[in-house]
Structure formats: structure tokens, C-alpha cells
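Everything below concerns the one structure shown next.
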Amino acid sequence: MRVRYAPSPTGLQHIGGVRTALFNYLFARRSGGRFILRVEDTDRARSEDHYIQDIYQSLAWLGIEPDEGPAEHGFSGGDYGPYIQSRRVELYRKYTQQLLDEGKAYYCFCSTERMEQLRKKQEEEKSALQGYDRHCRSLPPEEARREAERRYAAGVEGQGCTVRFAIPLEGSATFHDLLLGDIEWANGDINPDPVILKADRFPTYHLANVIDDHLMNITHVLRAQEWLSSGPLHIQLYRAFGWEAPQFCHLPMVMGRDPATDKLSKLSKRHGATSLLEFRKGGYLREALINYIALLGWAFDESRETFTLAELEGCFDLAKLSRSPATFDYRKLEWFNGRYIRQYSVPQLRKELENLWQEHSPEMHGAVSVENLTERLDWILPLLQERLKSLREIPALAAYFFVAPVYEEPELALPKKHTAAQAAALLRKSRSVLEQLHSRDWVWETFDELLAVKQDWEASFRAAAADEGVKMGSLMQPLRYAITGSNTSPPLIESMIVLERLAGGEELLGRLDSLAMCLETGAEDL
RNA sequence: GUCUCCAUCGUCUAGUGGUUAGGACUCCAGAUUUUCAUUCUGGCAACGGGGGUUCAAUUCCCCCUGGAGAUGCCA
């Protein structure tokens with residue numbers, strides 16, 4: 001078995017493309033076959049080098065390794081190179097010539113203006129026939145050849161000489177799709193005589209794709225269903241060359257819902273983030289992306305939905321593909337992401353962050369900088385880990401460990417049915433507890449030891465709450481606001497211990513005093 | 001317009017000629033908890049419509065409807 005992922009470097013790798021790559025990869029792994037990466041850069045106007053880099057980086061990030069790929073870019077080259085189509089143009093010209101010689105293709109001199117007018121006219125007349133009118137198909141071949149040579153010799157690009165494939169006028173093309181079953185298509189319904197060699201003498205997708213799949217011995221073509229209607233054309237091309245066509249499997253499309261119109265369409269930029277590396281930048285873990293993408297149009301059984309790449313390699317099965325399109329759901333991706341974040345160990349998570357922040361500076365909060373953030377992550381991460389949906393939330397959530405909060409909404413400091421004065425009193429009580437705790441001799445070096453210390457601290461605060469005749473929550477609320485500047489935060493006692501470790505006890509007391517002052521001076525407003 | 005593909009909760013899906021139509025996300029409620037989150041428990045929610053075939057259709061067939069894709073010297 002030999003399968004390939006054949007992206008064109010005309011844009012960033014997006015979810016749909018990556019899903020196709022993943023399924024091809026999994027199919028190869030599962031069947032002991034080979035997974036080939038081929039770059040289809042036949043569109044000279046739109047192909048760009050950095051898009052090629054994006055393809056490589058995307059696959060590398062996910063851990064999808066091609067068995068064969070462009071050797072000039074460091075991939076293990078197989079026996080079928082080059083794997084970049086722009087380095088194979090002579091091949092495509094040679095095969096085009098063959099088709100020309102056999103009368104299965106013909107030169108076309110119709111200008112783009114003529115084609116535009118034709119299309120416009122067909123649209124206006126709501127013509128049953130759409131597409132090329134085969135104007136040049138009946139040109140005497142010898143005459144056409146001379147004209148083509150004349151134009152090529154003139155050398156100017158865009159002289160309007162293309163080569164079109166002569167679709168048989170009668171009959172039909174039939175092929176068996178592994179997912180969809182038998183597909184039969186009347187030749188009359190195939191796009192009439194598509195261009196196979198453009199005016200710049202580069203091949204179009206259809207030609208290059210068919211030639212390369214054949215030459216590279218591809219046995220199975222797994223591609224998105226948007227290609228289904230090119231299937232019959234490709235079958236006709238294989239037939240014209242006298243080649244056996246590979247097995248086809250047209251994967252369900254990945255859709256997105258346009259928030260403005262509420263309409264579904266092929267997932268694209270208008271639906272939000274779609275490029276893979278954008279997700280990485282946005283704090284998503286590779287495991288989450290792989291797991292979620294694998295489930296887009298595929299399911300293992302009635303309940304299991306957690307899979308690592310390695311597990312997928314062992315259980316992926318085309319028979320379990322869905323035939324209907326899948327809508328991309330950002331929320332479910334987030335849910336997976338949260339789960340995988342919680343599964344990571346703290347060192348793993350820290351490493352991931354350091355790598356990420358090296359490439360993309362995160363949006364920082366106050367005085368939090370990458371330097372002093374990463375070195376303290378081992379203390380902070382355990383407190384944040386279980387409330388993260390994405391890595392990108394970390395700087396904002398961790399900010400209070402680095403800078404004193406600004407008390408913009410002091411009413412958040414008030415427990416239910418408490419006045420500002422009462423809250424300030426609770427704060428003073430907490431202050432005395434902290435002072436007492438500071439006078440004690442305690443040390444801790446690991447997070448586990450911190451948890452032991454926490455027992456003591458918590459007991460002291462509980463006693464204080466009882467003293468004051470309030471619930472623990474009531475005592476904690478002003479304290480929480482003082483320390484974190486919010487009424488929702490990671491566990492407060494652990495936070496204080498960590499903060500004391502990172503910034504010293506005076507920092508804690510200072511925050512309490514400053515909120516108390518704030519409450520007392522603004523008391524009448526609350 | 002034409003051709004083609006598709007059709008189970010809002011979303012991703014499982015499933016069968018006879019099931020209380022299963023799971024997950026979201027949402028809601030409850031429990032745990034110093035808040036938030038996590039975790040746990042419970043709940044809301046689906047076989048697009050009409051014809052057949054059959055003792056019996058969500059399941060098989062046809063039509064309709066709906067959705068999507070293609071209709072490029074883009075892939």
C-alpha cells in the first residue's frame with residue numbers, strides 16, 4: 001500500500017488538509033504501507049516557499065512523519081523523486097505530448113477574454129451546457145501544432161496556447177469509491193475538455209496529480225469529497241494513458257458555520273482560526289488536535305473517543321468513516337485541549353510553554369515577562385493546570401504572582417451581607433493570622449511539601465473564621481480579592497504560600513493593607 | 001441552471017428489519033469545595049417529509065425537501 005498527502009503550497013495548512021494528511025498517514029501505518037509527501041506547486045502565481053515550510057512544520061508538530069518526501073528538504077527520499085512537482089515539469093510535458101500525438105488532447109488558442117465572455121453568456125442564457133464549448137477541438141492537428149510552435153517560439157507567456165484533454169463525447173466513467181461505493185458519471189457531465197497544460201507550460205492539478213500518482217505507484221487515494229467530481233476526469237486520464245487507476249476514497253468534508261449568515265460551507269478563514277499552526281500559537285496541544293481531528297468523520301465505536309496518535313495508528317479503519325460532512329466544533333476541541341493539559345505533567349507543560357513562548361511571545365499581563373514567568377512555572381502551574389482550556393490563558397491567570405493587583409472593583413471583596421468596614425475587619429484578622437504563620441519556622445522545597453504546609457495554614461484560617469463567627473468563605477473572599485484582584489482564582493491558600501515563596505511575606509501583607517485602606521476610604525460608596 | 005454526493009439530539013457520532021435509539025461536546029440542576037475550575041450524579045435534546053416492501057421500518061426501495069460540492073489556464 002502506498003498513499004500520499006499532496007498539498008499545494010498556496011496557503012497555510014488548515015484543519016481540512018491536515019485531517020486528510022492524518023487519515024492517509026494512519027491508513028499507511030495501519031496497513032504497513034508507506035506514506036508519501038508530495039508538494040503540488042504547479043500554480044506558479046500562488047505558490048510560495050513559506051507555505052512549503054508551513055506544510056513541513058505542521059506535519060512535524062503533529063508528529064506525522066512521511067516515509068518519503070522531498071529529499072532536498074531533508075525528508076528521506078524514496079525511489080520516486082523528485083517529490084516537488086515544479087521539478088518534474090519535463091515529465092508532464094512529455095506525457096502531454098504523448099496525448100497530443102495520440103489525438104487524445106489538443107491545442108487550444110482561445111483567449112481568457114473569449115472564455116470569460118463564453119461563461120458570462122452561458123450564465124445569462126441559463127444554458128444547459130456550461131464550460132468550454134470545444135471551439136479548438138476541431139482544429140486540424142497539424143495546423144494547430146504549427147501555431148503552437150509559433151507561439152511558444154515567440155516566448156511570451158500568456159500567448160494563450162494551452163493544451164486541453166479531449167473528453168470522449170460518448171460513454172461514461174465508472175469507479176468504485178471505498179466509502180461511497182460505485183460512482184457512475186456520464187462523459188457528457190464531465191467538465192468539457194479541461195486544460196491540462198497551461199499557457200506557462202505548467203500542468204494543471206489534474207494532469208500532474210494523475211501522472212505522479214501513477215509514477216509514484218500510489219495504490220490508494222484518500223482525499224476530501226470536494227474532489228469527487230474530478231474523479232471521472234481522472235479516470236478518463238488514466239484510461240487515456242492506459243494506466244490502472246488507484247483505489248479512491250473520498251473523505252467527508254470538514255464544514256464551518258458562518259456566524260453571520262448561519263450557513264454551512266467548507267471550513268475556511270471566515271469561520272475563525274483554521275490554520276493548524278494558528279491553533280498551536282493559540283495554546284492548543286498537538287494531542288488535542290490529533291484526537292479531535294481524527295473524530296471528524298471517523299468514529300471507533302459507540303463510546304470511545306480518546307485516542308493518541310499511536311493508538312490511532314493501531315486502530316484506524318476506513319470502514320468506520322462517515323459519509324456525511326462534519327462541522328468543526330471549536331468548543332469540543334477546547335474540551336479535548338483542557339483534558340490533555342490536565343494529563344500533562346508539570347515539567348512537560350513547562351517545556352511545552354517554553355517552546356511555545358520562544359516562538360511566539362505571549363500576550364503579557366502587567367510586569368509578567370517570559371523570563372521570570374518560565375522559571376517560576378513549576379510552582380504556579382499546578383495551581384492553574386486544572387482550570388485551563390488553553391495554554392494562552394496562563395499569563396493572565398498567573399499575573400497576580402508577579403504584580404500586585406489593582407483594586408478596580410472593591411465591591412467584589414465583600415462577602416454577602418457584609419459591609420466594607422466588616423470586610424476590612426476580616427482582612428485585619430487574616431493579616432494577624434499571616435503574621436503568626438510567618439513567625440513559625442517552616443520550609444518546603446517541593447510542591448508536595450507545600451501541600452503539607454497548606455494543612456497548617458488552612459487550619460489557622462479556619463480557626464480565625466470561627467473566631468469571627470463567619471464562614472470560611474466569608475473570611476476568604478476579601479483575602480482572595482486582596483491577593484488576586486479577583487473573586488475567582490486558583491486555590492487561595494496555595495496561592496499565598498507560592499506567592500510568599502516567590503515574592504516574600506511582606507508582599508502578602510502589603511496587598512492586604514492596601515485593599516483594607518481602599519475599603520476604608522471608599523466605604524461610604526459600598 | 002446542470003451534474004454528483006449526503007441526511008440520527010444544536011454539534012461530533014454509535015446503532016439495528018423488532019432497542020426504554022447509546023456515547024461525547026454544549027446547556028441546565030445537584031453533590032464535593034475557601035471562589036473559579038476539576039471531579040461525580042442527574043436532566044433537556046434526534047431518526048427531515050411522503051409513498052412503498054414487510055407481520056414489523058430509524059434501518060431496504062422510490063419520490064420530495066433540505067444541505068453540500070463541482071461546474072477555472074486554483075488546487
Side-chain angles (χ1 to χ4, degrees), chain A residues 6-11 40-43 45-47 108 110 112 115-116 119 122-123 125-132 158 160-164 177 180 183-186 188-192 194-200 202-206 208-209 224-232 250 252-253 255 257 263-266 292 295-306 320 322-329 331-336 338-339 342 384-389 397 412 458 461-462 465 471-477 479-481 484 486-493:
Chain A
S8 85
T10 52
E40 305 214 331
D41 57 341
T42 54
D43 183 339
R46 293 197 303 151
S47 292
C108 172
C110 294
T112 42
M115 291 305 296
E116 268 165 36
R119 199 167 303 129
Q122 286 172 339
E123 210 163 297
E125 293 176 358
K126 293 199 168 27
S127 162
L129 290 172
Q130 299 265 325
Y132 187 51
C161 176
T162 64
V163 178
R164 288 181 182 272
D177 186 278
L180 270 15
I183 307 284
E184 191 181 348
W185 213 290
D189 291 328
I190 299 177
N191 183 22
V195 169
I196 53 176
L197 201 70
K198 300 181 258 192
D200 62 5
F202 267 62
T204 57
Y205 163 81
H206 302 292
N209 190 264
Q225 246 173 56
E226 59 186 297
W227 295 108
L228 186 63
S229 52
S230 330
H250 289 91
M253 306 242 312
M255 314 294 285
R257 193 176 290 280
K263 297 257 189 213
L264 284 175
S265 55
K266 275 200 289 190
Y292 179 67
L295 262 18
L296 241 26
W298 183 83
F300 179 69
D301 64 12
E302 67 280 350
S303 58
R304 180 172 175 193
E305 60 175 6
T306 303
K320 291 172 182 297
S322 162
R323 276 180 305 277
S324 39
T327 308
F328 192 84
D329 182 357
R331 287 191 293 194
K332 185 131 190 191
L333 206 215
E334 278 205 333
W335 176 78
F336 269 119
R339 288 189 58 198
R342 272 167 255 135
L384 304 187
Q385 191 169 14
E386 72 181 15
R387 61 212 84 221
L388 292 172
K389 287 202 289 282
L397 283 178
L412 295 181
E458 185 173 345
F461 280 103
R462 283 198 184 281
K471 288 183 181 164
M472 181 68 158
S474 301
L475 180 68
M476 298 302 261
Q477 188 162 342
L479 183 55
R480 163 168 284 109
Y481 191 71
T484 71
S486 167
N487 60 350
T488 63
S489 79
L492 222 212
I493 293 173

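Quick note: numbers below take in every heavy atom, side chains included, and nothing from hydrogens, waters or symmetry partners. Throughout, protein chains are lettered first and strands after them, A, B, ... in sequence-line order, and every chain is numbered starting at 1.
- Using P as the reference atom, B:rC63 and B:rC6 are 13 Å apart when rounded to the nearest Å.
- Here the separation of B:rU39 from B:rG69, taken at their C1' atoms, is 44 Å to the nearest Å.
- With B:rU13, B:rU35, B:rA68 as the choices, the nucleotide that has an atom nearest any side-chain atom of A:K263 turns out to be B:rA68.
- Closest approach of A:Y292 and A:D329 over heavy atoms only: OH-N, 2.7 Å.
- Taking the salt bridge (Lys or Arg N to Asp or Glu O under 4.0 Å) definition, one finds that A:K266 meets it with A:E226, sequence neighbours left out.
- A heavy-atom distance below 4.5 Å is not found between the side chains of A:T484 and A:Y481.
- Atom P of B:rG17 sits at a distance of 14 Å from the matching atom of B:rU58, rounded to the whole Å.
- Rounded to whole Å, the distance from CG on A:L397 to C1' on B:rU35 is 13 Å.
- At whole-Å resolution of the value, CE in A:M476 and P in B:rC36 are 13 Å apart.
- Annotation: salt bridge (Lys or Arg N to Asp or Glu O under 4.0 Å) contacts of A:K332 (sequence neighbours excluded): A:E305.
- Protein atom CG of A:D329 is 15 Å distant from nucleotide atom P of B:rA24, rounded to whole Å.
- Heavy-atom minimum distance, A:A299 versus A:K320: O-CB, 3.1 Å.
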(message) Is there a side-chain contact (heavy atoms from CB on, under 4.5 Å) between A:L333 and A:F328? Walk through the geometry before answering.
(response) CA-CA 9 Å; A:L333 206 215; A:F328 192 84; 4.1 Å; yes
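- With a cut-off of 3.5 Å on both pairing distances, B:rC44 has no Watson-Crick or G-U wobble partner at all.
- Residue contacts shown for A:T484 are absent, as no nucleic acid heavy atom lies under 4.0 Å away.
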At a cut-off of 3.5 Å, list every protein nitrogen or oxygen paired with a nitrogen or oxygen from nucleotides 5-9 of chain B, distance to 0.1 Å.
from  : atom 1 : to     : atom 2 : distance (Å)
B:rC5 : O2'    : A:Q225 : OE1    : 3.3

(request) Decide yes or no on side-chain contact (heavy atoms from CB on, under 4.5 Å) for A:I493 and A:M476, but give the supporting numbers first. (result) CA-CA 9 Å; A:I493 293 173; A:M476 298 302 261; 3.6 Å; yes
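- A distance of about 16 Å separates the C1' atoms of B:rU59 and B:rG48, rounded to the whole Å.
- Remark: A:W335 is in phosphate contact with B:rC25, judged by side-chain N or O atoms under 4.0 Å from OP1 or OP2.
- The distance from atom CZ of A:R331 to atom P of B:rU26 is 8 Å, rounded to the nearest whole Å.
- One C1' atom belongs to B:rC44, the other to B:rG30, and the distance between them is 15 Å to the nearest Å.
- Closest non-hydrogen pair, A:A199 versus A:T162, comes out as N-CG2, 3.8 Å.
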Mind listing the N/O atom pairs, protein and nucleotides 70-75 of chain B, below 3.5 Å?
from   : atom 1 : to     : atom 2 : distance (Å)
B:rA70 : OP1    : A:K266 : NZ     : 3.1
B:rA70 : O4'    : A:S229 : OG     : 3.1
B:rA70 : O2'    : A:S229 : OG     : 3.0
B:rC73 : O2     : A:A199 : N      : 2.8
B:rC73 : N4     : A:C110 : O      : 3.3
B:rC74 : OP2    : A:K198 : NZ     : 2.7
B:rC74 : O2'    : A:D43  : OD2    : 2.8
B:rC74 : O2'    : A:R46  : NH2    : 2.6
B:rC74 : O2     : A:R46  : NH2    : 3.2
B:rA75 : OP1    : A:T42  : OG1    : 3.0
B:rA75 : OP1    : A:K198 : NZ     : 2.7
B:rA75 : OP2    : A:Y205 : N      : 3.2
B:rA75 : O2'    : A:S8   : OG     : 3.2

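- Summarising the geometry, atom CZ belonging to A:R339 is positioned 14.5 Å from atom CD belonging to A:E386; distances are rounded to the nearest 0.5 Å.
- Taking atom P on both nucleotides, B:rA14 is separated from B:rU8 by 10 Å, rounded to a whole Å.
- In plain terms, the two heavy atoms of A:A6 and A:E40 that are nearest each other are CB-OE2, 3.4 Å.
- In this structure, A:D189 atom CG and B:rG1 atom P are separated by 16 Å, rounded to whole Å.
- B:rA24 atom C1' lies 14 Å from atom CH2 of A:W298, rounded to whole Å.
- For A:F461, there are no ring-ring contact (aromatic ring centres under 6.0 Å, His included) partners, not counting sequence neighbours.
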So which protein nitrogen or oxygen atoms get under 3.5 Å of nucleotides 20-22 of chain B's nitrogens or oxygens?
from   : atom 1 : to     : atom 2 : distance (Å)
B:rG22 : N2     : A:E302 : O      : 3.1

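- At whole-Å resolution of the value, NZ in A:K332 and P in B:rU11 are 13 Å apart.
- Side-chain proximity of A:T327 to B:rA24, B:rU11, B:rU39: nearest is B:rU11.
- Using Watson-Crick or G-U wobble geometry with both donor-acceptor distances under 3.5 Å, B:rG1 finds its partner in B:rU71.
- Residue A:G297 is classed as a sugar-phosphate contact, given heavy-atom separations below 4.0 Å to backbone atoms only.
- Between B:rA29 and B:rU38, the two P atoms lie 15 Å apart (nearest whole Å).
- Remark: B:rA7 base-pairs with B:rU65. Criterion, Watson-Crick or G-U wobble with two distances under 3.5 Å.
- Shortest non-hydrogen contact noted between A:L228 and A:P232 is O-CD, 3.5 Å.
- The interatomic distance linking A:R387 (CZ) with B:rU38 (P) rounds to 9 Å, in whole Å.
- Residue-level contact check: A:R304 touches neither bases nor backbone, having no heavy atom under 4.0 Å from any strand.
- Of all the heavy atoms in A:P252 and A:S322, the pair that sits closest is CG-O, 3.2 Å.
- Nucleotides of RNA chain B nearest to A:W185 and A:R339 differ in position, and the one nearer the 5' end is that of A:W185.
- Straight-line distance between the C1' atoms of B:rU16 and B:rU2: roughly 38 Å, to the nearest whole Å.
- Atoms CG and CZ, on A:L180 and A:R323 in that order, are 7.5 Å from each other to the nearest 0.5 Å.
- Across all strands shown, A:P491 has heavy atoms under 4.0 Å from base atoms, whether or not it also approaches the sugar-phosphate.
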